[in-house]
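Every value quoted in this text rests on a predicted model; they were computed, and no experiment measured them. Start at 1 and go down the list; that is how both ligands and their atoms are numbered.
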Amino acid sequence: ANPCKVSLDPAVCEMVEKARRVKVETVWDRYQAMLPQCGFGETGLCCRHCLQGPCRIDPFGGEPKTGICGATADVMVARGLDRAIAAGSAAHSGHARHLAHTLKLAAKGKARDYTVKDKAKLRSVAARLGIPTEGRSIAEIALDVAEAALADFHEKDTPVMWVATTVTKKRAKLFAEKGLLPKGIDYEVADIMHRTLYGTDADPVNLLLGGLRCGLADLAGCYMGTDLSDILFGTPQPVVTEANMGVLKADAVNVAVHGHNPVLSDVIVAVAKEMESEAKAAGASGVNVVGICCTGNEVMMRHGIPACTHSVSQEMALVTGALDAVVVDYQCIMPSLATVAECMGTKLITTMEITKIPGAIHIDFSEETAGENARQIIRLAIESFSRRRGKPVDIPQIKTKVVAGFSVEAIINALAKLNAEDPLKPLIDQIVAGNIRGVCLFAGCNNVKVPQDKNFTAIARRLLKENVLVLATGCGAGALMRHGFMDPANVGELCGEGLKAVLTAIGEANGLGGPLPAVLHVGSCVDNSRAVAVAVAVADRLGVDTDQLPVVASAAEAVSEKAISIGTYAVAIGLPTHVGVMLPVVGGPLVTKVLTEKVKDLTGGYFIVDPDPESAAKKLLAAIDERRAALGL
Ligand code: BF8
Ligand code: SF4
């Protein structure tokens, strides 16, 4: 390995070296140039919500103590946090709305590249929503589910169904009583924009309650995203694949799919297979599709497509010089990719109306013409390969084995091999027996402020040794997979005895001849909903609520506003939720206290903000033990 300061991933370090050599500017260079970052912004004490600003409040308690309009520090940080939650919610639900439109077109037979792949999932989602399924065609049910999804965006007679029907009954009741049940997803996002407008909500606690409700609208967006993706593209089942830049092949047409929505990437994967012969005619060994970020997770979970890299190191995938095309949809795509792509001879291809990048080629992707669009994209990649052919590339020879694909359905199937009647019982028995001390969900991004993967790997190592069952999504899953946490061969080294025995028993009962991986990959960031579904199923089976379970979450290297909205719904369903980077709220003492303590009285969950992985792990373990004790375990 080749240690460097910016990342724990040796492949990334190798490419950072190369970037320096070939004078490609990286995210870490720009971060250095940005230092020192503004202390007002860091603490959340900067406001630009009206044209009298910008206003700044002294973080040390000196003057000025309010903005020009009189907004206090707590109001300022609460408004800022609310807007971040609204942005995250808008993004996840925008992704879900896109899928709802796709499902609707598919149901009407207007998008021939899409069908209902998982009819059982369609029926179970319909049943959950109270949509009749008996004696009805798949197209009819699909249309109703798509309409129900679209209806959840606006205010109507019922609350947001993707919250009301996805949390425990007790929690749905609590949310209703406390005014936390979202009325409509878009309604809540708009409500945040309204109440954070100049001269509107000036009560920090009231602002935070609005934020909590909008965070629950984000749960709806995520859950809907997962449901509709599974219906359209299939519910993930365990797959064996690989991760890290070593999955690139010098002699193949290398195409990276980057962004989030399988509406694009799933079709690219299918078309790439059909176009193998075209690639071979151009002198390539084939088309090698690899993933970056969450769309990478989507196609890994469903098709075993290998992951190239994640989040903060996305530029490094291009620095290899081996990528012929990077195809992006939306979210988490660094604008800098255009510059790196130009330097490295990679074609950057944008596809969505809301995500255009100067310097990229734009192909207007639409569901009606998806297959044709995808063929055009692969053809561009083949052209790009022809130009690259025979030239040297620098592919770090580093990759890890990954077993992924742990949807809730897959987890239940695996457990059913131990107890077909009552699949959750073996899991609960092991939690009671202490072989599983608790469960931790790792989610969110890699932040340039943290040496890449450092927090994720340090906390996961510690928790696994303490027999905590670990689930992971998004770039958190990416971090853990690139360090071997999803290779079953490493269970012995990583896990405590109790956990090792459980993973082995489940693995062997499923004919794997060994354990499940130490970390279960449950999917992309919208798939944090799958972790919620597991928690809700276990709580229902035990007759308790989700805030009583020994379940915690950690966004150890969070970046995106989406990570903030996810953290918010994790707290809303009652989870102690760790964030490993500073949140821009610390300038507001009341807000900080509410988020890290007081909210517990309302939802049972709370934020733990701690940049130190060792002490964060201790706090997460303490939270797990507190809950075990309360359950009498
Ligand atoms: O939605 S973990 S960097 S890719 S925001 Fe983005 Fe963060 Fe990755 Fe996925 Ni999620
Ligand atoms: Fe300043 Fe108030 Fe305007 Fe914000 S809303 S910029 S604090 S005057």
Side-chain angles (χ1 to χ4, degrees), residues 27 40 44-57 64-80 83-84 87-89 91-96 195-202 207 218 221-222 225-226 257-262 265 291-298 300-301 307-314 328-334 441-448 450 452-453 456 472-481 521-529 554-567 579-581 587-588:
V27 62
F40 297 99
L45 292 176
C46 165
C47 180
R48 289 181 299 116
H49 291 205
C50 89
L51 304 183
Q52 299 171 117
C55 297
R56 305 181 304 184
I57 293 178
K65 285 194 168 56
T66 71
I68 292 167
C69 65
T72 62
D74 281 306
V75 168
M76 220 179 247
V77 301
R79 287 196 305 212
R83 286 204 174 180
S89 302
H92 285 136
S93 66
H95 167 155
R195 71 199 303 157
T196 58
L197 178 89
Y198 167 67
T200 309
D201 203 348
L207 278 160
D218 189 51
C222 287
T226 301
V257 287
H258 178 14
H260 285 81
N261 203 325
S265 52
I292 298 178
C293 284
C294 274
T295 212
N297 285 323
E298 297 278 352
M300 169 180 274
M301 293 283 284
C308 183
T309 197
H310 304 89
S311 204
V312 78
S313 53
Q314 54 188 268
V328 304
D329 48 45
Y330 36 54
Q331 304 168 18
C332 307
I333 300 142
M334 287 192 212
L441 166 68
F442 285 95
C445 336
N446 284 135
N447 188 314
V448 72
V450 181
Q452 186 184 20
D453 309 332
F456 279 122
T473 59
C475 297
L480 295 171
M481 74 172 76
H521 190 346
V522 298
S524 65
C525 287
V526 295
D527 294 334
N528 284 304
S529 66
S554 172
E557 306 178 19
V559 173
S560 172
E561 288 166 313
K562 291 181 289 169
I564 298 179
S565 55
I566 290 168
V579 182
V581 293

Query raised in the report: What atoms of ligand 2 come closer than 4.0 angstrom to any heavy atom of G67?
Result: 7 (S)
Query raised in the report: So, H258 and Q314: side-chain donor and acceptor under 3.5 Å apart, yes or no?
Result: yes
Requested in this report: Give the intermediate values and the outcome of side chain to side chain donor-acceptor pair (under 3.5 Å) for residues Q452 and S313.
Outcome: CA-CA 8 Å; Q452 186 184 20; S313 53; 2.9 Å; yes
Query raised in the report: At under 4.0 Å between heavy atoms, which part of R56 makes contact with ligand 2: side chain, backbone, both or neither?
Result: neither
Query raised in the report: Who's the nearest protein heavy-atom neighbour of atom 3 (S) of ligand 1, and how far?
Result: S311 OG, 3.2 Å
Report summary line: Under 4.0 Å from one or more heavy atoms of R79, ligand 2 contributes atoms 4 (Fe), 5 (S), 7 (S)
Query raised in the report: Would F456 and N446 count as a side chain to side chain contact (heavy atoms under 4.5 Å, CB included) if you check the C-alpha gap in whole Å, the side-chain angles of each, and the deciding distance to 0.1 Å?
Result: CA-CA 9 Å; F456 279 122; N446 284 135; 4.1 Å; yes
Report task. Enter the distance from H49:NE2 to T196:OG1 here, rounded to the nearest 0.5 Å. Result -> 5.5 Å
**Report entry** Note, K562 side chain near C332 side chain (heavy atom, < 4.5 Å)
**Finding:** yes
Report summary line: for atom 8 (Fe) of ligand 1, nearest protein heavy atom and its distance come out as C475 SG, 2.3 Å
Query raised in the report: Is there a side-chain contact between R79 and T200, using heavy atoms and a 4.5 Å cut-off?
Result: no
**Report entry** 2.8 Å cut-off met by an N, O or S atom of C47 to atom 2 (Fe) of ligand 2
**Finding:** no
Query raised in the report: Between H260 and ligand 1, is there a nitrogen or oxygen pair with a distance under 3.5 Å?
Result: yes
Requested in this report: Mind running side chain to side chain contact (heavy atoms under 4.5 Å, CB included) on V77 and L45 for me, showing each step along the way?
Outcome: CA-CA 6 Å; V77 301; L45 292 176; 4.0 Å; yes
**Report entry** Nearest neighbour in protein (non-hydrogen) for atom 1 (Fe) of ligand 2
**Finding:** C55 SG, 2.2 Å
Query raised in the report: With side chains defined as the heavy atoms from C-beta onward, is the minimum distance between Q331 and S560 less than 4.5 Å?
Result: no
Query raised in the report: Which protein non-hydrogen atom lies closest to atom 3 (Fe) of ligand 2, naming both residue and atom, and how far is it?
Result: C50 SG, 2.3 Å
Query raised in the report: How far is atom 9 (Fe) of ligand 1 from its nearest protein heavy atom, and which residue and atom is that?
Result: C294 SG, 2.3 Å
**Report entry** Heavy-atom nearest neighbour in the protein, as seen from atom 7 (Fe) of ligand 1, with distance rounded to 0.1 Å
**Finding:** C445 SG, 2.4 Å
Query raised in the report: If you count the atoms of ligand 1 from 1 in the order shown, which ones are under 4.0 Å from a heavy atom of C293?
Result: 4 (S)
Query raised in the report: Distance from H310 atom NE2 to L480 atom CG, nearest 0.5 Å?
Result: 10.0 Å
**Report entry** For S560, the ligand 1 atoms whose distance to one of its heavy atoms is below 4.0 Å
**Finding:** 5 (S)
Requested in this report: State the atoms of ligand 2, each with its element, that fall below the 4.0 Å cut-off from a heavy-atom position in Q52.
Outcome: 8 (S)
Query raised in the report: Do N297 and T473 have side-chain heavy atoms sitting under 4.5 Å apart?
Result: no
Report task. Starting from atom 2 (Fe) of ligand 2, locate the nearest protein heavy atom and write down its residue, its atom name and how far away it is, to 0.1 Å. Result -> C69 SG, 2.3 Å
Report task. Go through ligand 1 atom by atom and flag the ones less than 4.0 Å from a non-hydrogen atom of G444. Result -> 2 (S)
Query raised in the report: So, is K562 polar-close to ligand 1, with some N/O to N/O distance under 3.5 Å?
Result: yes
Query raised in the report: Distance-only, no hydrogens or angles: does the T226 side chain make a donor-acceptor pair with backbone N or O of C222 under 3.5 Å?
Result: yes
Requested in this report: Pull out every atom of ligand 2 sitting under 4.0 Å from any heavy atom of M76, numbered as shown with elements.
Outcome: 7 (S)
Report task. Look at the rings of Y330 and H95 and say which category their plane angle falls in: under 30° parallel, 30 to 60° tilted, over 60° perpendicular. Result -> tilted
Report summary line: Nearest non-hydrogen protein atom to atom 10 (Ni) of ligand 1, with distance, is C525 SG, 2.2 Å
Report task. Below 4.0 angstrom from a heavy atom of C332, which ligand 1 atoms are there? Numbered from 1 as shown, please. Result -> 3 (S), 4 (S), 5 (S), 6 (Fe)
Query - Y198 neighbourhood, listing ligand 2 atoms whose heavy-atom distance to it stays under 4.0 Å - result: 5 (S)
Report task. Report the C-alpha distance between E298 and V526 in whole Å, list the side-chain angles of each, state the deciding distance to 0.1 Å, and finish with yes or no for side chain to side chain contact (heavy atoms under 4.5 Å, CB included). Result -> CA-CA 10 Å; E298 297 278 352; V526 295; 3.8 Å; yes
Query raised in the report: Should you measure from each heavy atom of G53, which atoms of ligand 2 turn up under 4.0 Å away?
Result: 6 (S)
